[in-house]
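By convention here, the first residue in the shown sequence is residue 1. Ligands are counted one by one from 1 in listed order, and the atoms in each one are counted from 1 as well. Since we're looking at a predicted model, the values are computed, not measured.
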Amino acid sequence: MIPSIYFSVFLSLIPIILLLRLRRRKLSNKLPPGSLGIPFIGQSIGVLRAMKSNKLEKWLDERTRKFGQVSKFNLFGTPTIFLRGKVANKFIFTNEVGGFGNNLPESMRRIMGSRNILELSGDDHKRVRGALMTFLKPEVLKKYVGKMDEEVRNHLKVHWQGKSKITVMPLMKTLTFSIMCSLLIGLESGKKRETFVIYFMEMLEGMWSFPVNLPFTRFNRSIRASAKAQNMVRELIREKREALEKQQASSSEDLILSLISITDEDNKPALSDKEIVDNVMIVMLAGFETSSILLTFLVRLLADDPVVYAAVLREHEEIAKGKESEEGLTWDDLSKMKYTWRVANETLRITPPLLGGFRKALKDLEFEGYLIPKGWQVYWAANMTHMDESIFPNPSKFDPSRFDQQTPVPPFCYVAFGGGPRICPGYEFSRLEVLVTIYYLVTSYNWKLCLKDNSFIRDPMPVQNQGLPILIEPKKNF
Ligand code: HEM
């Protein structure tokens, strides 16, 4: 009796199995257009050349004209599907759970540790992200405006005061790294912070190198520097745990204290020590370069555009008028800097630090009738929607009013901070550091660009020609 039931169930399953196999065969015929080129090399040289001459957008535009919004190509030996447009953004953001995983370059994966948030998916991603957000949410960050204010003023005293010429890009990196050291890991200025900066910067040098771990390779130096920086974070964790036990610190004082204090429903630590180390490192990495690029482009813009400069200055002078000298900024002051934040968003629309991202298909997926095979890489040029005439009319024009609250940008179109479950958790943090910095710059200094050519290349983030040197002069009331 029982075997005959099994047999009839098996018979009834045959058409379903056949249908599924047929569908798979049909899908596999529908790979997107485009060629995979010469094995391993594919289109890699064209992409690298376009990045170095800041023509990646043009390269991608030409590809779209030739093949449409979905095409395939070969990047360093990995078959890759290129997607762009509003519909593609929605497709990625709504398939993050189960559909796509992040696809970090091998070098980055090995340097940054296997438990960093970019490597995690599903429940692990949700748990770690939730833990990071307990410190990065506005309700907590608002308590640290004063600390950020102090870091910016101190930076200007050390690096701007008394100078007539400075180079913006490296200084903005120093500033954003200092702010993150102070607020996120409680590493105040001094010898220890300087050592951490050295290890971190050495680590960065091999981030995009070939992952050959032999003595004297760039990758090997980077791995060693990363190990030293991680050891310092481990030591900080130990010290902070001790301070918590002795009730000499509170859980919301910085990101590390917050991460070591979070427990699960069984009252056990929500994150392992390895997860804390890997995620402190990735947050530092994700946060300092992006914000410093935004600040550098803002300095360039304010020197170049007198109308925007005048409006930004007016907003900040209005706030400065109500303050005693040496009185710091408050959370309320920042909420009045609406125009400045619109200018920052418009800057990010035109020059997003990240031009998109890589994902890996975790299963066969279908987009616009094409198959994205399981295991293939997807290069998703999210920010190409920023230059789409139908979304942002006259897209090359700098116009901060695009971010007025009266005319909200449609969903999945402005994605400088990403979207969906992986949307940037550092949005509020970067908003605070940008507003505080611009306030002190425009109220304390006048500046002029030094070079005729203030263009930039992508490596893969924007890098200003010669780091953007400027001539500076303190304002009379400074
Ligand atoms: C102007 C400043 C910034 C920009 C434009 C920016 C942009 C982005 C974008 C586009 C993503 C999504 C990447 C993807 O989906 O593949 C992202 C993710 C992320 N960002 Fe930011 N970011 C900025 C500042 C920060 C800051 C200050 C921090 C930390 C305090 C931070 C931490 C992170 C982290 C940890 C992720 C990964 C989130 C996840 O995978 O769930 N970012 N950021």
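- In this structure the side chain of Val197 never reaches within 4.5 angstrom of the side chain of Ser178, judged on heavy atoms.
- Aromatic ring orientation, Phe392 versus His386: perpendicular (interplanar angle above 60°, classes split at 30° and 60°).
- Considering Arg109, Lys360, Arg359 in turn, Arg359 is the only one that fulfils the side-chain hydrogen bond (donor to acceptor under 3.5 Å, both in side chains) rule with Asn102.
- Considering Asn74, Thr78, Thr80 in turn, Thr80 is the only one that fulfils the side-chain hydrogen bond (donor to acceptor under 3.5 Å, both in side chains) rule with Gln377.
- Surrounding CG of Asp123 are at most 12 heavy atoms belonging to other residues, nucleotides or ligands under 6.0 Å away.
- A pairwise comparison of heavy atoms in Gly328 and Tyr440 identifies CA-OH, 3.9 Å as the closest pair.
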Do any nitrogen or oxygen atoms of ligand 1 lie under 3.5 Å from a protein nitrogen or oxygen, and which ones?
unit_1, atom_1, unit_2, atom_2, d
ligand 1, 15 (O), Arg359, NH2, 2.8
ligand 1, 16 (O), Arg359, NH1, 2.9
ligand 1, 16 (O), Arg359, NH2, 3.4
ligand 1, 40 (O), Arg422, NH1, 2.9
ligand 1, 41 (O), His125, NE2, 2.7
ligand 1, 41 (O), Arg129, NH1, 2.8

